[in-house]
Amino acid sequence: MSFQRRHVNALLAGIPLAGLAPLAHAQSRRDSVVLGMVLEPPGLDPTSGAAAAIGEIVHYNVLEGLTKIGMDGSVTPLLAESWLLGPDGKTYSFVLRKGVKFSDGKPFDASAVKFSFERAKAPGSTNKAKKALFDNISRVEVVDAHRVILVLDKPDAATPFRLGENTAVILHPDSAAQAATKPVGTGPFTVENWAKGSAVTLARWDGHRDASKVRLKKVTFRFINDPAAQVAALLAGDIDGMPRFGALQALKQFQADKRFTVEIGSTAGKGIMAINNRKPPFNDVRVRRALSHAIDRQAFINGAQEGLGRPIGSHFAPTDLGYLDLTKTYPHDPDKARALLREAGVTTPLNVTLTLPPPQYARKGGEIIAAQLAKVGINARIENVEWAQWLAGPFKGNFDLTIINHVEPLDYATAYADPNYYFGYDSARFRGMVATLAATSDQKEKARLWREIQRQLAEDAVNVFIWNPAQVAVFRRGLRGLWNSSPIFANDMAAVSWAPAGA
């Protein structure tokens, strides 16, 4: 039996880990770190790709934006050192940080901001924040090299936050077309190597303005979507940690092992069973409501997430502004589900396909969901796909049902105000509410509209809203600075370091 498999078997059998072999590989590194990730991104340009895994690698590390979102969700200056909002609520004046350079040595200035934002809002842009942010930017005015003005069509107090998301990073105008494979940014690291299917390695850029504060010379992100392999890699010292650990069945054992630190925090995730609203019979709201009644959310959380997470009833996380608890809208009620299917004229058994991407929440959770659906007369044939296949299939609208975690905060406009989005929700009333909200500056009115938006999504049962995942980070003791919560999916590696030996 291999070293790694022996450790995995010991772990899953409940054998204490403290007596196992030391982490010899990892302990020799003090100026580098290897982290595990569940999914490999399809590219490295977060302004043109939808996968959250892109931001896990490049955001804040290679590519930076005007503002920065902290682990606690706060917004602080980054490439912009300050900004002012005009009295009309639509004019943001940014003062840019001086002395900033791209990693090719060329200066960062206001023209790069104008280029990046106009590219993001251009016809044909695939930026996932196009509707939520960039379509609301009327124009970008360059005052001088270090001052830029954004003029919005409608007031939006969330703009500074949106500018801190990975969709708003500033790309080098000369190389933006190659950013998916060779991003050039203003961050403290550069992409040294991408071994497809294996890992991405970043190297510290010594020309960065704060290079002296960055302790790590090299950061490697290894792609490990198999839960047993994640456990084995940690135990063998092949990786130093996983900020978003997927093998939750092994969590208690890592918590008992003094060689590791385990931290459990919050995320902005909305885990859903997405429904193709375009396809019969799912275009009938009664069928979608039947699906919602068929699913036992807490059983899913207990079985697929080891009890870590909170049930949700709409496409908002408990950490989101304006969150409304709607979990009682569709209580688990198989009889009600069967009645709604009969009312909709659905002949059972109804045969459907449940497409599952690689993460453990989908693969393990899919088995639970399929069993629950079977009890109401829906036979869900499970189709396991790789991440690239999911992006090319369900994410393009080719699916019946799928399980996925939407990780971006307040992404209701991106996901539900666009009829072309992958699950095809088309509601003029909902789009009207989103437009009204975007034009509203009164906080009480915003809070009311957020509640109405959530109620509308629940009433239309657009998807089965299941759970808000917890973030589980497992890493070797002595590694400091990793995020233990994720208001956005990012790994700020400039803040990470090893404790001094013996500390």
Side-chain angles (χ1 to χ4, degrees), residues 270-300 304 311-316 326-357 362 365-383 385 390 393-406 412 415-431 433 453-467:
K270 285 80 58 179
I272 65 174
M273 182 174 76
I275 305 169
N276 193 335
N277 285 228
R278 302 180 188 90
K279 291 184 68 172
F282 309 123
N283 56 346
D284 188 322
V285 69
R286 293 170 295 185
V287 175
R288 300 196 300 273
R289 288 171 179 167
L291 292 172
S292 294
H293 280 299
I295 302 307
D296 184 337
R297 292 165 175 80
Q298 192 60 53
F300 178 99
I312 56 172
S314 188
H315 199 89
F316 273 54
L326 294 173
T327 52
K328 295 181 180 178
T329 305
Y330 298 104
H332 180 228
D333 189 341
D335 290 336
K336 180 67 172 177
R338 286 188 285 266
L340 283 166
L341 291 173
R342 288 194 298 268
E343 183 182 325
V346 173
T347 300
T348 56
L350 173 65
N351 295 316
V352 302
T353 300
L354 178 60
T355 306
L356 305 176
E367 300 286 347
I368 297 169
I369 293 293
Q372 293 177 353
L373 292 176
K375 293 179 180 178
V376 302
I378 299 174
N379 291 336
R381 180 182 67 86
I382 288 177
E383 179 185 44
V385 298
W390 190 91
F395 195 65
K396 298 296 184 183
N398 184 22
F399 75 108
D400 292 337
L401 306 171
T402 188
I403 299 175
I404 195 69
N405 177 29
H406 283 246
Y412 55 86
Y416 295 89
D418 180 1
N420 295 316
Y421 201 60
Y422 75 97
F423 43 71
Y425 177 57
D426 188 354
S427 168
R429 182 173 184 270
F430 183 84
R431 291 194 293 275
M433 286 193 291
I453 281 171
Q454 291 170 80
R455 289 190 182 103
Q456 183 70 45
L457 295 178
E459 181 180 334
D460 287 345
V462 184
N463 296 303
V464 179
F465 305 104
I466 304 177
W467 88 111

N463 and Y416 side chains, donor-acceptor separation under 3.5 Å = yes
Does any pair with a residue in residues 334-343 pass side chain to side chain donor-acceptor pair (under 3.5 Å), and if so which ones, sequence neighbours excluded?
-> D335-R338
Please check if the side chain of D460 supplies one atom and the backbone of V462 the other of a donor-acceptor pair under 3.5 Å.
-> no
Report yes or no: does T348 contribute a side-chain atom to a donor-acceptor pair with the main-chain N or O of G377 at less than 3.5 Å?
-> no
What is the distance from atom OH of Y425 to atom CZ of F430, rounded to the nearest 0.5 Å?
-> 6.0 Å
Taking R431 for the side chain and A417 for the main chain, is one N or O donor matched with an acceptor at less than 3.5 Å?
-> no
Distance-only, no hydrogens or angles: does the Y330 side chain make a donor-acceptor pair with backbone N or O of A458 under 3.5 Å?
-> yes
Tightest non-hydrogen contact, residues I403 and G366, listed as CD1-CA, 3.6 Å
D400 side chain vs N276 backbone, donor-acceptor pair below 3.5 Å | no
Locate the shortest heavy-atom distance separating T402 from T355; write the atom from each residue and the value.
-> OG1-O, 2.6 Å
Describe, in one word, how the ring planes of Y422 and W390 are oriented to each other, choosing from parallel (under 30°), tilted (30 to 60°) and perpendicular (over 60°).
-> perpendicular
Counting distance only, does the side-chain N/O of R297 pair as donor-acceptor with the main-chain N or O of I312 below 3.5 Å?
-> yes
Determine whether F399 and F423 make a side-chain contact, defined as any pair of heavy atoms from C-beta on separated by less than 4.5 Å.
-> yes
Nearest-0.5 Å distance, CE of residue M273 to CD1 of residue I404 = 13.5 Å
Sub-4.5 Å side-chain heavy-atom contact between D426 and N277 = no
How long is the gap from CZ on F465 to CG on L326, to the nearest 0.5 Å?
-> 9.5 Å
Counting distance only, does the side-chain N/O of R381 pair as donor-acceptor with the main-chain N or O of N351 below 3.5 Å?
-> no
Would you check if the side chain of D333 reaches a backbone N or O of H293 as a donor-acceptor pair within less than 3.5 Å?
-> no
Sidechain-backbone polar pair: E383 side chain, T353 backbone, donor-acceptor under 3.5 Å | no
